[in-house]
Amino acid sequence: MRVDAVAENLLIWYDAHRRRLPWRAEPGAPAPDPYRVWLSEIMLQQTTVAAVKPYFDRFTTCWPTVTDLAFADEAEVMSSWAGLGYYARARNLIACARAVMRDHGGSFPNNEEELRSLPGIGEYTAAAIVAIAFGRRAVVVDANVERVASRLFAFAEPLPAARPALRRLVDRITPNERAGDFAQAMMDLGSGICTVRSPKCMLCALSSDCAALVQGSPETYPMKAARRAKPRRRGTVYWIERDDHVWLIRRPGKGLLGGMRALPSGPWTDEDPGVAGAPMPACWSDAGTVSHVFTHFALDLRVLTTRWTADVAGGEWWPIDQIEQAGLPTLFARAASRAIADREQER
DNA sequence: GACCCGTGGGC
DNA sequence: TGCCCAAGGGT
């Protein structure tokens, strides 16, 4: 394979077919603002472009610069992230913005080592920022790039063990110029052409160099180690209502849905505690069950509702007609919808 | 290296 | 429908 030809062909294809995205510079324009590149890269971690777009627009409108974000109200940022998932990203986002303010004078560092030391920025994100925002050569390897490279070289060692070797292969085909465009081109190719299932090899700019295509089964790459089965857990959330308000708590800062506003709930285990685990001895009514799938377990969550007149400790009464502004993660938003639907039915 | 951490789309 | 997957990072 002519290693140089890969980048040449890919960049020619990219110049004609690149996606227009809100965080990208227009063709021929200077590199985009590092803040916008950073923000988009954090949001895009394990998250689709379609899901990110509205969040990116909202964040850049509310907080146009990293300084604005550094001085933002934490609860407001967390609520604005609600629904996007992986909430540690939002906690790290705030911490990172403040570190850029405090330690770097409000400007993102332009090298991978310093970027890597910031919260939420790992190997991939540091390389992407350096290449895309600062126009420097960096080896940018995400899941798209791994897939394209594993097919290009018909590299059969399964992930994740194959990662270091795949990175060396990507290093070989990364050009000295336009490394940022090259990285984004690899992602566009992986997203639209060199897809997980049914890759469109007839449309691929790299097909003439693709070893997996010669073998006849590019879709079998990359190989992956077997994964564990997903357990199912059960639990209960409690909808506590008083004068058109509902009782909301804030979850602990770490762990699942950490730092997010939520409905109070018992433990999520094999056995559902039900009424026995309720926060107060009330008369509970069953509003049904919502099912939700997390990364490493599935959950059936029963929704119990009650009316309450006394005070409760450790939370806040939230107006039910403004529940969508509470910034509830999707699981609790769905539980709330279930409770509200049940409540409307009572009337 | 293994495990934890959300969500929605596609087939 | 259940399973796979996604512009990963932290511990």
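Since the structure is predicted, the reported quantities are computational estimates derived from the model, not experimental observations.
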Distance below 4.0 Å between [X] side-chain N/O and [N] OP1 or OP2:
X        : N     : result
A/Arg227 : B/dC3 : no
A/Gln46  : C/dG8 : yes
A/His292 : B/dT7 : yes
A/Arg232 : C/dG2 : no
A/His296 : B/dC3 : no

Tell me whether the side-chain N or O atoms of A/Thr47 pair up with the base of B/dG8 as donor and acceptor below 3.5 Å, since no angle test is needed here.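 Such a pair does not exist between side chain and base.
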Exercise. For the base of B/dG6, is there a side-chain donor-acceptor partner from A/Thr295 under 3.5 Å away?
Worked result: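 Between B/dG6 and A/Thr295, which were checked side chain against base, a qualifying N/O pair under 3.5 Å is present.
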Rounded distance in Å - [atom1] ([X]) to [atom2] ([N]):
X        : N     : atom1 : atom2 : value
A/Tyr86  : C/dC5 : OH    : P     : 13 Å
A/Lys230 : B/dT7 : NZ    : C1'   : 10 Å
A/Leu159 : C/dG8 : CG    : P     : 12 Å
A/Asp188 : C/dA7 : CG    : C1'   : 10 Å
A/Arg89  : C/dA6 : CZ    : C1'   : 10 Å
A/Leu299 : B/dT7 : CG    : P     : 11 Å
A/Arg163 : C/dG9 : CZ    : C1'   : 12 Å
A/Trp38  : C/dA7 : CH2   : P     : 21 Å

Counting any heavy atom closer than 4.0 Å, what does [X] reach on the DNA or RNA strands: base, sugar-phosphate only, or nothing?
X        : value
A/Ser40  : nothing
A/Lys224 : sugar-phosphate
A/Val293 : base
A/Trp23  : base
A/Leu21  : base
A/Leu331 : sugar-phosphate
A/Arg147 : sugar-phosphate
A/Glu123 : sugar-phosphate
A/Ala143 : sugar-phosphate
A/Gly190 : nothing

Return yes if some donor-acceptor pair links the side-chain N/O of [X] with the main-chain N/O of [Y] below 3.5 Å, else return no.
X        : Y        : result
A/Arg36  : A/Pro22  : yes
A/Arg89  : A/Gly120 : no
A/Asn176 : A/Arg137 : no

Return the nearest nucleotide to the side chain of [X]; candidates are [options].
X        : options              : result
A/Tyr87  : B/dG6, B/dC3, C/dA7  : B/dG6
A/Thr330 : C/dG8, B/dC11, B/dG8 : B/dG8
A/Leu256 : C/dG10, B/dC5, C/dA7 : B/dC5
A/Met187 : C/dA6, B/dG1, C/dA7  : C/dA7

Checklist entry - More 5' along DNA chain C: A/Ile121 or A/Val49, using each one's nearest nucleotide? => result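 Closest to the 5' end, via its nearest nucleotide, is A/Val49.
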Item checked: Most 5' of A/Gly120 and A/Thr48 on DNA chain C, judged by nearest nucleotide ->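 Checking each residue's closest nucleotide, the 5'-ward one belongs to A/Thr48.
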- Message: Any donor-acceptor pair under 3.5 Å linking the side-chain atoms of A/Tyr124 with those of A/Glu41?
- Response: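 Checked: A/Glu41/A/Tyr124 side chains pair up, N/O donor to acceptor below 3.5 Å.
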- Do A/Asp300 and A/Ser291 meet the criterion of a side-chain donor-acceptor pair at a distance under 3.5 Å?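 Their side chains do contain a donor-acceptor pair, which is all the 3.5 Å distance test asks for.
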Are A/Phe294 and A/His296 an aromatic pair, judged by ring center distance below 6.0 Å?
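Not close enough - the centres of the two rings lie 6.0 Å or further apart.
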Atom pair CG/OG of A/Leu304 and A/Ser265 - distance to nearest 0.5 Å: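 One finds 11.5 Å between CG of A/Leu304 and OG of A/Ser265.
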| What's the spacing between A/Ser79 OG and A/Leu328 CG if we round to 0.5 Å? |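 Nearest 0.5 Å value for the OG-CG distance: 8.5 Å.
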*Start at the 5' end of DNA chain B and walk down; is the nucleotide closest to A/Pro329 or to A/Pro164 reached first?*
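It is A/Pro164 whose nearest nucleotide is closer to the 5' end.
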| request: Let me know, please, whether A/Arg197 or A/Leu84 comes out on the 5' side of the other along DNA chain B by nearest nucleotide. | output: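 Its nucleotide being nearer the 5' end, the pick is A/Leu84.
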With [atom1] as the reference atom in both, quote the distance from [N] to [M] in angstrom, rounded to an integer.
N     : M      : atom1 : result
B/dC5 : C/dC5  : C1'   : 16 Å
B/dG8 : C/dG10 : C1'   : 24 Å
B/dG1 : C/dG9  : C1'   : 15 Å

